[in-house]
Amino acid sequence: MMKALTAAVLGITVLAAQAAAPLAKLTTPGFARVMVGDFEVTPLNDGTADLPMVDLLHNDKDRTQAALNKAHLGSPTTTSTNAFLINTGSKLVLVDTGAGTLFGPTLGKLVDNLKASGYRPEQVDDILITHFHPDHVGGLMADTKVAFPNATVHADRRDADYWLDAARMAKAPKDVAGFFQGAQVSLTPYIKAGKFKAFDRNGEVVPGISSYASYGHTAGHTSYVVESKGKKMVVVGDLIHVAAVQFDHPGVTIGFDSDPRQAAAARAAVFGKIAREGDLVAAAHLQFPGIGYIAENGKSWTWTPANYTLRP
Ligand SMILES: [Zn+2]
């Protein structure tokens with residue numbers, strides 16, 4: 001009797017200790033890993049930002065809100081920023097760099113996640129930029145130093161000409177001037193060191209990775225086609241921002257688009273090609289890791305996230 005009672009008391013004590021465990025509150029690690037042929041691809045999360053998508057999307061606000069509600073998303077909408085590290089076997093290539101310090105404390109986690117994924121920033125050989133917005137180029141700098149000291153940066157000349165133009169910045173409306181400033185602060189040290197290379201047309205930038213013009217979101221917005229052993233992945237940058245709205249209604253554009261009509265046309269063209277060819281997609285602002293497949297569905301698209309796999 002006494003023994004049973006003691007056990008019961010002990011049982012209660014153990015339960016109480018479990019209930020009092022504090023929340024771990026560690027940030028979710030922000031890297032994943034997929035293979036494209038022989039290339040190892042590491043999606044890296046730079047963090048999330050809460051964006052007022054109901055106001056930013058060029059769409060009926062009630063319709064946007066209804067689509068967000070259906071997807072269990074709030075307003076403002078928590079939005080990932082993803083970059084992609086690709087080890088081709090001969091080169092370590094980073095596509096986009098996150099926001100660095102340009103977009104507040106909830107972004108700028110890319111280098112920490114890159115290190116957690118088993119690499120070091122000084123190992124990066126080449127950086128391919130989709131476009132010069134601050135959440136894609138801000139991570140080129142770590143405070144006042146270059147974040148990737150051994151890397152050469154590549155981008156379409158149209159984006160460089162546009163965002164690095166001091167005269168255009170002087171004439172820009174106040175809310176866009178910061179975008180020019182961010183681009184100039186991030187790129188100038190690389191340009192001065194002779195480590196910026198602009199390209200003018202579609203073609204191979206590093207072995208196995210080619211540029212594919214998808215202008216509209218910005219003047220020189222570029223997708224990158226990664227190809228190894230007959231397998232392909234297309235890094236689409238900012239061709240889409242809000243999965244819950246824009247896959248069903250691809251005509252809906254966003255306030256960040258330089259030329260919304262051209263951006264929607266680029267989305268239709270690139271998504272059509274991807275869907276026909278069955279390529280893997282890597283997107284900057286779809287929920288982390290931003291990797292999946294697109295299928296054509298009449299006038300809309302169906303997004304299927306890639307399966308999760310544990311790899312050594
Ligand atoms: Zn972006």
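Both counts, for ligands and for their atoms, begin at 1 and track the order of listing. Bear in mind that the values here come from a model prediction, so they are computed numbers and not experimental data.
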*List-wise, which protein N, O or S atoms are found short of 2.8 Å from the Zn ion (ligand 1)?*
D135 OD2, H136 NE2, D238 OD2, H285 NE2
*Is there a donor-acceptor contact under 3.5 Å from the side chain of K109 to the main chain of P105?*
yes
_For a quick check under 3.5 Å, do D248 and S300 share a side-chain donor-acceptor pair by atom type?_
no
Return a table of donor-acceptor pairs under 3.5 angstrom between the side chains of residues 160-174 and protein atoms on other chains or two or more places apart.
| from | atom 1 | to | atom 2 | distance (Å) |
| --- | --- | --- | --- | --- |
| D165 | OD1 | A167 | N | 3.0 |
| D165 | OD1 | R168 | N | 3.2 |

*Establish, yes or no, whether the cationic atom of K91 lies under 6.0 Å from the six-membered ring centre of F39 and within 45° of the ring axis.*
no
Show the atom names and distances, to 0.1 Å, of all donor-acceptor pairs under 3.5 Å that link a side chain in residues 131-145 to residues at least two apart or in another chain.
| from | atom 1 | to | atom 2 | distance (Å) |
| --- | --- | --- | --- | --- |
| H131 | NE2 | H133 | ND1 | 3.4 |
| H131 | NE2 | H217 | NE2 | 3.4 |
| H131 | NE2 | D238 | OD2 | 3.3 |
| H133 | ND1 | H217 | NE2 | 3.2 |
| D135 | OD2 | H285 | NE2 | 3.0 |
| H136 | ND1 | D96 | OD2 | 2.8 |
| H136 | NE2 | D238 | OD1 | 3.1 |
| H136 | NE2 | D238 | OD2 | 3.2 |
| H136 | NE2 | H285 | NE2 | 3.3 |

*Sequence neighbours excluded, which residues qualify as salt bridge (charged side-chain N to carboxylate O under 4.0 Å, His left out) partners of K115?*
none
